Amino acid sequence: MVTVDKEEMASSGLFTKVAAAAVAALLISPIIVISVLSFSESRYLMFPPPGYSLRWYQNLIQDTSWRHAFLTSIEIAIPVMFLATLLGTAAAIALARSQSRAKELLITLTLTPMIVPSIVTAVAAFLWFAPVHLVETPIALVFSHTAIAIPLVVLSVSASLQGVDQSLELCARSLGASPFLAFRKITLPQIRAGILGGGLFAFITSFDEPVIALFIAGTKTVTLPKRMWDGIRYEIDPTVSAVSTIIVLFTLFLVVLAFHFSPRRTRTSPPASPETGGRQA
Amino acid sequence: MNAHLRIANLVKRYGPTAALDGVSFEVEPGELKVLLGPSGSGKSTVLKCVAGLISPTSGRILLRGQDITDIPIHQRKIGLVMQGYSLFPHMSAYDNVAFPLRTPMHRCGQKELQKRVAQIFDLTGLTGLEGQRPSELSGGEQQRVALARALVFSPEVLLLDEPLAALDRELRERMQDEIRRIHTTLGMTIIYVTHDQAEAMKVADRIAILNRGQVAQVGSALELYESPSNEFVARFLGGANLLTGRVISILDGVIKVEVGKCELRAPSVDGLCQDALVTLLVRPERVRVAVPEADSNCLPGTIINSTYLGSALQTDVSLSDGTVWRSSMTPARSSFKAGVTTNIHWQIEDTHILPTQQSVNSLHLEA
Ligand SMILES: Nc1ncnc2c1ncn2[C@@H]1O[C@H](COP(=O)(O)OP(=O)(O)OP(=O)(O)O)[C@@H](O)[C@H]1O
Ligand SMILES: [Mg+2]
């Protein structure tokens, strides 16, 4: 990349910039439009708004159904985060150590929930939970969301496991550490970033998941995306756009956090600067 | 039964191939035993079995007479420095070395820990590098951290797997001295794996030579070099000139061996009889070219090449049947010309007899 000569860089640079700007505009403009709408004073979704106000944010705070929906989403996303992190990390480690000939198949199987369209997962979850009378309960949502969040954790943890020498744990054991202690002291600190990143992605996945929620939530377990859906269908006022704006900001924050923990970043940064970790007498 | 570590008939199979095929040897208390052998001969596999990293297909490992074959790896109290050091990259040198003392197996108080780590840093010459991560240490320093970490919990036995393979020659020689020094200071029982025969001879009390998963011979460097018990050992340790012949007489402790049309003499060994096939071994340092001596063996040949090496003059001589013998003499002012016919000579007592398995060399030497 460094050896590309300057002229070529400049021309391809210009084209890339224009293309990138166009794509970004396409992707970002709906978000901008909806953010602008959330500050409208009109009770109709018209763009550009005739005037500006904070009334929809006010409405949001006063309306208990929105607050409930937000809390329900959090209540579901947190157990999903923990369950998916636990299971996904275990799966990633098992896959990394597997000597099985069916390893490729196992990896594909583990990642299936990410590949299968969410509408299929939603229908399947509905058919699975209906006979046991769990539809409309948070438990059903937690389990379904965990299923689609596990692959993200597996990917994130697998990536960080790539940089870990598997023989180090054996070495630690020869120095007196039990199998569990060796894992906790040697492997875990080295994949911590991948686990944290995977956990945050799991949280986000559950927090803004609409399709399964539509099928399973019913009227009792209304998550935020479900509530927004209802809002669009029955009310059509800019409260939805206020919620959207808040969700975008919240998710953005979590994604930045997740990327901060993601393994690639920690690997390129130096382990410790010679000044701070330096020689001491 | 006073061996510190006894390895009895160890077998390790990977599928149909046997990495270890009945390995047995003993290590005395305080002995530095070198396991020497070519790549793939099973050296690392022996160490891994002793440390418990892998379990042998069959065979026993006894530590002070106690069977440890089935004891889990972390309860064995055996220090191991693996091929490639295996330092923990996310810990400082200090934390690496202190690691064993923080496990339930070797736990000790904070004061005691600090004291022991400081002692071992001192012993291995690492003082001042406590805060460094492994990636910030040189190869030699990493090697010493690995050594310190394996020594700090005073293991019963220390296992070193090619500890110096990654270092340059000068550093390697320094570290060899250092390991010997640490060995004498602590009086620790050590198994030291290497494929470098010079290193083996330098550091070892005794050497066990491994070949294809079997012990070829055990002995001191002197014993192995001067009286190897088979051709593999003879060839593996230093240069070896070999000829096979038939015993024609045994008289007054001297045997005569007929090799083609030549007659060679050698000190007799037990268990030989007339007409037996034997292999004769002569080390290159004992062979002189064109320096006749009274009462010595003599063979005619043609000089192929002659190289001045500073400390030695190395001359290859082709015998009448095509076998090439090497001579390594104290250098004279000039080397020999290639193509010249000459005689090679060596003392009778420098001729060693190897028990013959099969006839390796021809019996067609012309006088
Ligand atoms: N996990 C394994 N699976 C299959 N074969 C193995 C395995 N580990 C070792 N072997 C085989 O066992 C034999 C001995 O291996 P080992 O590592 O002990 O050799 P070594 O003497 O240490 O060689 P080197 O000097 O190259 O380190 C080799 O032929 C190797 O291919
Ligand atoms: Mg090896």
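Just so we're on the same page: letters track the sequence lines, and every chain starts at 1. Only a predicted model underlies this, so the values are computations on that prediction, with no experimental measurement involved. The figures here come from the full heavy-atom set of this structure, side chains too, leaving out hydrogens, waters and symmetry mates.
Of the two parts of B:Arg149, the backbone and the side chain both hold a non-hydrogen atom closer than 4.5 Å to a non-hydrogen atom of chain A. Of the atoms belonging to B:Leu159, not a single heavy atom falls under 4.5 Å from chain A. Neither the backbone nor the side chain of A:Ala182 comes within less than 4.5 Å of any heavy atom in chain B. Both the backbone and the side chain of B:Ile73 come within contact range of chain A, judged by heavy atoms closer than 4.5 Å.
Side-chain N or O atoms of B:Gln142 include one that pairs as donor or acceptor with a backbone N or O of B:Pro134 at under 3.5 Å.
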Q | A:Phe70/A:Phe207 under side chain to side chain contact (heavy atoms under 4.5 Å, CB included): CA gap, chis, key distance, verdict | A | CA-CA 9 Å; A:Phe70 180 78; A:Phe207 187 76; 3.8 Å; yes
**Q.** Residues A:Leu152, A:Ile204; criterion side chain to side chain contact (heavy atoms under 4.5 Å, CB included); working and verdict
**A.** CA-CA 11 Å; A:Leu152 294 166; A:Ile204 295 167; over 6 Å; no
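When only modelled atom types and interatomic distance are considered, B:Thr69 and B:Asp67 share a side-chain donor-acceptor pair under 3.5 Å.
Sparse packing is recorded around CZ of B:Arg13, with 12 or fewer heavy atoms of other residues, nucleotides or ligands lying under 6.0 Å away.
In terms of heavy-atom proximity, B:Pro56 sits nearest to B:Lys12 at CA-CD, 4.1 Å.
For A:Glu169, the side-chain hydrogen bond (donor to acceptor under 3.5 Å, both in side chains) partners at least two apart in sequence or on another chain are A:Arg97, A:Thr187.
Residue-level contacts of residues 25-55 of chain B with chain A, in order of numbering, are B:Leu53; threshold 4.5 Å between heavy atoms.
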